Amino acid sequence: MAQTSDLIDLKMPAKPEYVGVVRLTISGIANRIGYSYDDIEDIKIAVAEACTNVVSHAYDETVQDPVMTITCGVFEDKLEITVADHGGDIDVNSFKKGKGPVKMDRPIEELKEGGLGLFLIETLMDKVEIYGDSGVMIVMTKFLQRGEVGQNDNGISTQHPKQ
Amino acid sequence: MAQTSDLIDLKMPAKPEYVGVVRLTISGIANRIGYSYDDIEDIKIAVAEACTNVVSHAYDETVQDPVMTITCGVFEDKLEITVADHGGDIDVNSFKKGKGPVKMDRPIEELKEGGLGLFLIETLMDKVEIYGDSGVMIVMTKFLQRGEVGQNDNGISTQHPKQ
Amino acid sequence: MNLNVNIQENNNETVVFLDGEVDVYTASILKEKLNPLAEGTNQSIVVDLAKVNYIDSTGLGVFIGVLKAVDKKGSNLKISGANPRVKRLFEITGLNEVMDVEEDQRKEV
Amino acid sequence: MNLNVNIQENNNETVVFLDGEVDVYTASILKEKLNPLAEGTNQSIVVDLAKVNYIDSTGLGVFIGVLKAVDKKGSNLKISGANPRVKRLFEITGLNEVMDVEEDQRKEV
Ligand SMILES: Nc1ncnc2c1ncn2[C@@H]1O[C@H](COP(=O)(O)OP(=O)(O)O)[C@@H](O)[C@H]1O
Ligand SMILES: Nc1ncnc2c1ncn2[C@@H]1O[C@H](COP(=O)(O)OP(=O)(O)O)[C@@H](O)[C@H]1O
């Protein structure tokens, strides 16, 4: 694919049963662009985490038709995926509290069952920005390494040759 | 899924490489709703045919960012999928000429390589409407038979138990 | 969502193994590979669809094009190994009436 | 995109075989099936992930919940058979430090 920038727009009900549909769409796009199997899996998880947050946190029960929008910018060297909701004004700085891996120095009874979503997104993607205005908007970027090694500074993505 | 009507909206560049992405999304949705394997395949082909027509016929080369939109209405008893383009005013009645299966009473050299797309759409879906205005809009419906037999009068869809 | 094309030439039979999906994206790849084969005279071309899980009218159109080309050259085209879903498309469109589509060994599920 | 849960009880070990994807949609199914198991005392619960090809934080959260519940009852939770991708998520999140995640026999690809 030679074009510099294609745009794909997806709008869905913010319901648990559609998060898997988003994963399928995203994996199709990433496959087309030529990401490795491992990168595709990383992107799928990150996008699913963002959608899961919309489904779980963005709307209160009174909202009639809760919606999530997924926008996918396809560039020469990267995929830029935005997940957004219209859950209303929100302070995204508060999200950062308690984000991180499980703390093993605590007793088991104090483990939290949540709080891993944003941590995974930031770990699996190369660049992540979060905005809050009329809802949360999270912009996630994964760079495409065409047969190259490196560029990935989080030390997690394995470097496989791209198909 | 208990809701009566969910709406999914997909907007993509009208390029060959994205038709497979649409197929993935649609098969994900149909799978969620509980269509049989055969019905999912029918729906995938019909939607791909409609998208292929947008890619192949809707826009002339001068159009900068050719777009196809796929809208998917999820109802209790059916899936209603609309594929639309903005290729401009068009007479959809002309599409109907020559539509149909291959005519075997003709010599091979007279066979046409095209013209099977709309025929397949009408054969594989339960209800098809085509509109032309600022482009072509094709509305395709597939009914969901929850464990029932019948309802399908084209005699083609096999009747498998729904998973 | 991709298509691999693998060509094996025996004496006077060429077998083309397809693996993947034949749609508007991959059809051009397929055409490029099949066209040179259709140039020869008195050839026997077999297209093996055993690993094709998706085909639509664009793919069928490619085969019609090849059929017309080989027909002119006195060559022969045969479609083999299609799964029931794929075969059904040849039937619905009437293509199995003008093209040699091999009976499948596998049972309809 | 679905999840099948199959529970096999031996003497004092219960093995839960999962097949499919564990996400925000299927996690509730999983919770429903696991919660009753976590009620017993001095049990040994093994969750087999050999056929799980996708899991995310919602799924991991379910296991944290179960771990907390069984810990209270003096029971034991073990995760087995996870493929390298799935196992990697337990590692990234540090869950493998608090939970018994079995070493995998299969080689990293
Ligand atoms: N789209 C969103 N709308 C509202 N709040 C959100 C959204 N996304 C994340 N949050 C907030 O950020 C917190 C951390 O999210 P996350 O790390 O994914 O963990 P979890 O979802 O398990 O709580 C959530 O608990 C929630 O309060
Ligand atoms: N979206 C569209 N925009 C413009 N013309 C269209 C569109 N869809 C179909 N057509 C017209 O209808 C004809 C028949 O379409 P179809 O049965 O799919 O066969 P084919 O695409 O192989 O020609 C096309 O050749 C084209 O002229």
Side-chain angles (χ1 to χ4, degrees), chain A residues 14-27 36-57 68 99-124 154-158 160-161, chain D residues 1-3 20-32 34-35 38 52-79 82-101 107-109:
Chain A
K15 297 181 181 177
E17 58 261 45
Y18 289 113
V19 175
V21 176
V22 176
R23 278 204 304 275
L24 270 179
T25 308
I26 291 294
S27 71
S36 69
Y37 174 77
D38 274 345
D39 280 352
I40 294 175
E41 289 301 308
D42 287 356
I43 297 168
K44 270 166 69 176
I45 294 173
V47 174
E49 296 292 352
C51 290
T52 299
N53 278 346
V54 176
V55 170
S56 310
H57 306 300
M68 52 187 175
K99 205 173 52 185
V102 169
K103 303 208 179 50
M104 49 183 153
D105 50 353
R106 301 271 185 79
I108 284 180
E109 67 211 53
E110 285 179 24
L111 287 176
K112 286 191 312 160
E113 289 166 48
L116 293 172
L118 289 174
F119 168 70
L120 278 179
I121 292 173
E122 298 199 338
T123 306
L124 300 175
N154 59 26
I156 281 148
S157 279
T158 52
H160 286 195
Chain D
M1 304 201 299
N2 301 306
L3 182 70
E21 309 194 332
V22 191
D23 73 352
V24 63
Y25 181 58
T26 59
S28 49
I29 303 169
L30 181 58
K31 251 189 227 166
E32 247 169 58
L34 290 180
N35 281 346
V52 168
N53 46 50
Y54 177 86
I55 192 169
D56 59 26
S57 74
T58 319
L60 297 176
V62 173
F63 294 130
I64 297 176
V66 174
L67 176 68
K68 289 168 71 171
V70 301
D71 189 62
K72 262 190 214 142
K73 301 282 190 180
S75 293
N76 195 288
L77 173 69
K78 187 167 145 183
I79 306 291
N83 74 35
R85 282 285 326 173
V86 170
K87 193 142 170 285
R88 179 167 160 263
L89 279 189
F90 282 90
E91 288 160 8
I92 295 175
T93 55
L95 262 184
N96 65 330
E97 304 280 351
V98 295
M99 214 175 269
D100 187 358
V101 181
K107 283 225 179 64
E108 293 260 346
V109 198

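We name chains A, B, ... by the order of the sequence lines, and we start the count at 1 in each one. These numbers were taken from a predicted model, which means no experiment stands behind them.
Looking only at heavy-atom pairs under 4.5 Å with chain A, the residue among D:Leu60, D:Asn53, D:Val24 that has the most is D:Val24. Of the listed residues (D:Lys68, D:Met1, D:Arg85), the greatest number of heavy-atom pairs within a distance under 4.5 Å of chain A belongs to D:Arg85. Heavy-atom pairs under 4.5 Å with chain A peak, among D:Gly94, D:Ser57, D:Gly61, at D:Ser57.
Contact of the A:Leu111 side chain with the D:Met99 side chain is not registered, since no non-hydrogen atoms from C-beta on lie closer than 4.5 Å. Using a 4.5 Å cut-off on side-chain heavy atoms (C-beta onward), A:Val55 and A:Tyr18 make no contact. Counting heavy atoms from C-beta on, the side chains of D:Ile79 and D:Leu95 never come closer than 4.5 Å. Two residues are said to be in side-chain contact when any heavy atoms from C-beta on lie closer than 4.5 Å; A:Leu120 and D:Leu89 meet this criterion.
For D:Glu91, no part lies under 4.5 angstrom from a heavy atom of chain A. Neither the backbone nor the side chain of D:Asn2 comes within contact range of chain A; no heavy atoms are under 4.5 Å apart. Only the side chain of A:Arg23 comes within contact range of chain D, with at least one heavy atom under 4.5 Å from a heavy atom of that chain. Within the 4.5 angstrom heavy-atom criterion, only side-chain atoms of D:Tyr54, from C-beta onward, approach chain A. For a residue to count as touching a neighbouring chain, one of its non-hydrogen atoms must lie under 4.5 Å from one of that chain's; by this rule D:Asp71 touches chain A with the side chain only. Contact of A:Ile108 with chain D is made through backbone and side chain together, with heavy-atom distances under 4.5 Å. For chain A, the nearby parts of D:Leu67 are the backbone and the side chain; heavy atoms of each come within less than 4.5 Å.
Between A:Leu124 and A:Ala46, the shortest heavy-atom distance links the atoms CD1-N, 4.4 Å.
Judged purely by atom type and a 3.5 angstrom limit, D:Asp23 uses its side chain to pair as donor or acceptor with the backbone of D:Thr26.
Ionic pairing of A:Lys44 and A:Glu41 is present here: one or more N-O contacts between side-chain nitrogen and carboxylate oxygen are shorter than 4.0 angstrom.
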